[in-house]
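Inspection log for the structure reproduced underneath, given as structure tokens.
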Amino acid sequence: MAGSKDKPMADDSLLSDEFLRQLMAVEEADLLVGIPTLNNSKTIAHVVQAVELGFAKFFPRERTVVVAADGGSHDDTEEVVRNANLGDPHRMRAPQSLRTMHRIATRYPGPVNSRNVLRTILAAADLVRAKACAVISPDLLSITPDWIESLLRPIYMEKYDLVTPLYLRRKFDGLLISNLVYPMVRAAYGLRLREPMAAEFAFSGKLASHLLEQGIAADQQSPHSVGIWVTSRAICGGFGVGQCFLGPKVQAPGNSSSDIVATISGVVGDLFRSLEREEEFWIRETGSRPLPAFGLPYDVNLEPLRVNRKQMIQMFRTGVVELKDILKTILREGTFAGLEGAADPRAESIPFPDELWVKTIYDFAGAFHRSVIHRDHILQALVPLYRGRVAAFTQELAGADETQVDAAIENLCLAYEQLKPYWIESWKIHQ
Amino acid sequence: MIELVMQRLTQTLKSLVSAAATYLPRVLAMLIIVIIGWAIAFAVKAALRRILKIFKFDAFSEHGGVSQTLRKTGLAGPSELLCRVAFWVVGISITVLGIDVLGIPAFQDIISRFFRFVPQIFVALLILFVGILVANFLATAALLAAVNADLPSPRFLSGAVRLLIVIITIIMALEQLDLARITILIAFTIGFGAVMLGLAIAFGLGGQDAARRFLEKYIVEREKEKEKEDISPL
């Protein structure tokens, strides 16, 4: 598999000899799905089955490969991947693929992190010259074969370069995404990309080569954050970006987002760092435009999430009082005064309007960029404020239906867009 | 008789003139050294100020919390403070060098001890600077961790961390200067031991019920509160 002149080859020194041997046995593939695994023996068989059924059902004529990149599981994840079968084709009503479906399980080199996983998958995609690739979480309970079609078809048939998912979320699910990541990325890059940090996404071979050439940023910390790096690189590189409906996303319990401080520090830190890298691009963007969405959106009655508002309000108030000196270093005077007002213990509820939240985030982004104090401390100081915002947001929309919640998020996004000059001002102070 | 007095006076005058002839050039040399020394001290201060500005030392100190600590104690900013220290150390060192030119034996020992002491002063200052940086960093980390974990009295915890590290830093700096080493060590040991013993007695004997209530409130109740929620940020 010598590299042609017009297409750079992956750095195969990253890959083990055994992995290279397996990839060379594949020779070339049209479609590749990468699954980052680490102790997922209980859920991985279902995911592999869904992916291969998706291949067989929607892409029976294409050459396909599943690559499970393992971080060193202590259970028998790799064995489960190798031995997972599609079951009785008649009972499963599974169509048969006309081509051999390859399946590889490998231990990726280097420390266990999302950067090394993505590098392995990108290198594999580049080596087998895959035309369309996808990354899928190993602990998905809700994945169906349709997900594979939804993610890969726009890349394979419509020639898009990056497809991100549109999940059907429960009310108040993913509030860090809807209140911070999505609106900020939208205001920055001018694209209404609903899940910029999704663990599931699809990309073209062309984009894979581009990403490999760029080299994955070494400062990505959160396991959820390769998504933002891929997204921002694709947008800034002028690649075609689309979205696809996937339906509800249900993961096995015990996923890594249960530690709120680590999650916020990791996700927001990686977002701010990616914005720092792409500063020249986003600083001139204004407004936003919708992205093409593939697939059929549908509604399912999902049980609403429980929110413990009382504890959040109390932790927000304590945070504003106790972290006063730190917050004064990070926030502008008016913003801090607004937060002090919102944290007033005499009030029954928290008045945390969109404008105050957006200014808070923009001040945090500016303070992070200028490193006014240690960056980890800046990110940790955001946690109580996020709790306050969640309490206020869920209180305000307690009786609202999904449409009203979506409308509230849309208003918030517009506030982010309108206040972008404030962000740029915060970003550039003392520069 | 008169002749004898005149002879003695002449001898004394000659000795005086001879002594003056010996020392006057030395005094002049000392004055020149001192004047040049203070001029050098001014130059060092100006150059250091410029270098620290180029390397954004004040911004670095601000991030590390040293500036805030100095502000609280009413001292100048870290750059200015360092410039002033350098100015006085250079000025005094060269003055002492000038005095050495006089060749007075009584000063010799004092001067050599002074010059042995100068590097120790700088090392002690460096220890203090780094110590304050570390103390502020860890105090902020403790404050944030306590607030985010919903622990009681976060500022007290943070202050205790800061105080402990500052005390250790001061002891290290004083030890570097070789000042009252044994007194400081004994005072620290007694003080630290007393605090720990006091806490042990207070919590172990007097505060059993309070400790139980505390654990019930902050561990059991928090677990219950957690169970009421299944919201995820992502």
Side-chain angles (χ1 to χ4, degrees), chain A residues 170 172-181 195 197-199 222 224 251 255-258 260-261 263-265 267-268 303-312 314-315 318-326 329 370-381 383-384 386-387 390 394 430, chain B residues 53 55-72 78 130 132-162 217-234:
Chain A
R170 295 202 276 179
F172 301 143
D173 185 26
L175 287 177
L176 185 64
I177 300 293
S178 61
N179 274 255
L180 200 163
V181 180
E195 300 282 351
M197 277 191 169
S222 154
H224 313 279
Q251 283 177 284
N255 73 66
S256 55
S257 66
S258 53
I260 194 167
V261 179
T263 303
I264 290 177
S265 298
V267 168
V268 179
E303 198 181 316
L305 293 167
R306 291 173 298 176
V307 185
N308 185 353
R309 236 173 264 125
K310 186 183 151 197
Q311 195 188 17
M312 283 185 176
Q314 181 252 316
M315 289 176 86
T318 308
V320 173
V321 173
E322 298 290 338
L323 303 180
K324 186 177 178 178
D325 292 339
I326 297 173
T329 315
R370 300 192 315 275
S371 297
V372 295
I373 53 172
H374 194 275
R375 287 183 159 190
D376 283 345
H377 293 167
I378 295 174
L379 296 169
Q380 286 174 43
V383 176
Y386 168 76
R387 287 188 162 121
V390 168
T394 53
H430 304 311
Chain B
K53 197 174 178 184
F55 286 102
K56 295 181 177 173
F57 183 71
D58 273 341
F60 174 71
S61 307
E62 189 82 37
H63 298 170
V66 175
S67 303
Q68 293 90 319
T69 309
L70 292 176
R71 270 200 295 273
K72 278 179 193 167
V130 174
I132 293 172
L133 275 180
V134 172
N136 281 317
F137 180 84
L138 293 180
T140 309
L143 178 66
L144 286 161
V147 166
N148 285 330
D150 200 20
L151 293 177
S153 311
R155 278 197 195 179
F156 175 76
L157 282 174
S158 162
V161 169
R162 189 195 309 271
K217 186 179 176 192
Y218 286 99
I219 297 177
V220 180
E221 280 190 14
R222 281 183 66 202
E223 286 304 313
K224 279 183 191 168
E225 291 286 332
K226 257 188 179 176
E227 282 169 13
K228 287 182 194 168
E229 183 180 302
D230 49 15
I231 194 164
S232 161
L234 295 175

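Below, chain A is the first sequence line, B the second, and so on; all start at residue 1. Computed from a predicted structure; not experimentally measured. We use all heavy atoms of the structure for the numbers below, so side chains are in, but hydrogens, waters and symmetry mates are not.
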Under a 4.5 Å heavy-atom cutoff, which of A:S371, A:P384, A:A381 has the most pairs with chain B?
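Among A:S371, A:P384, A:A381, the one with the most close pairs to chain B is A:S371.
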Which residues pass the side-chain contact (heavy atoms from CB on, under 4.5 Å) test with A:H377, not counting sequence neighbours?
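Once residues adjacent in sequence are excluded, the partners of A:H377 under the side-chain contact (heavy atoms from CB on, under 4.5 Å) criterion are A:I373, A:H374, B:F137, B:T140, B:A141, B:L144.
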Can you name the residues that form a side-chain contact (heavy atoms from CB on, under 4.5 Å) with B:R155, not counting sequence neighbours?
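A:E322, A:K324, B:L143.
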Region of A:Q314 in contact with chain B, defined by heavy-atom distances below 4.5 Å
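Only the side chain of A:Q314 comes within 4.5 Å of chain B.
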Euclidean distance, A:I326 CD1 relative to B:S158 OG, rounded to 0.5 Å:
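Answer rounded to 0.5 Å: 7.5 Å.
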Between B:N148 and A:V383, is there a donor-acceptor pair closer than 3.5 Å when you use the side chain of the first and the backbone of the second?
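Side chain of B:N148 to backbone of A:V383, a donor-acceptor pair under 3.5 Å: no, none is there.
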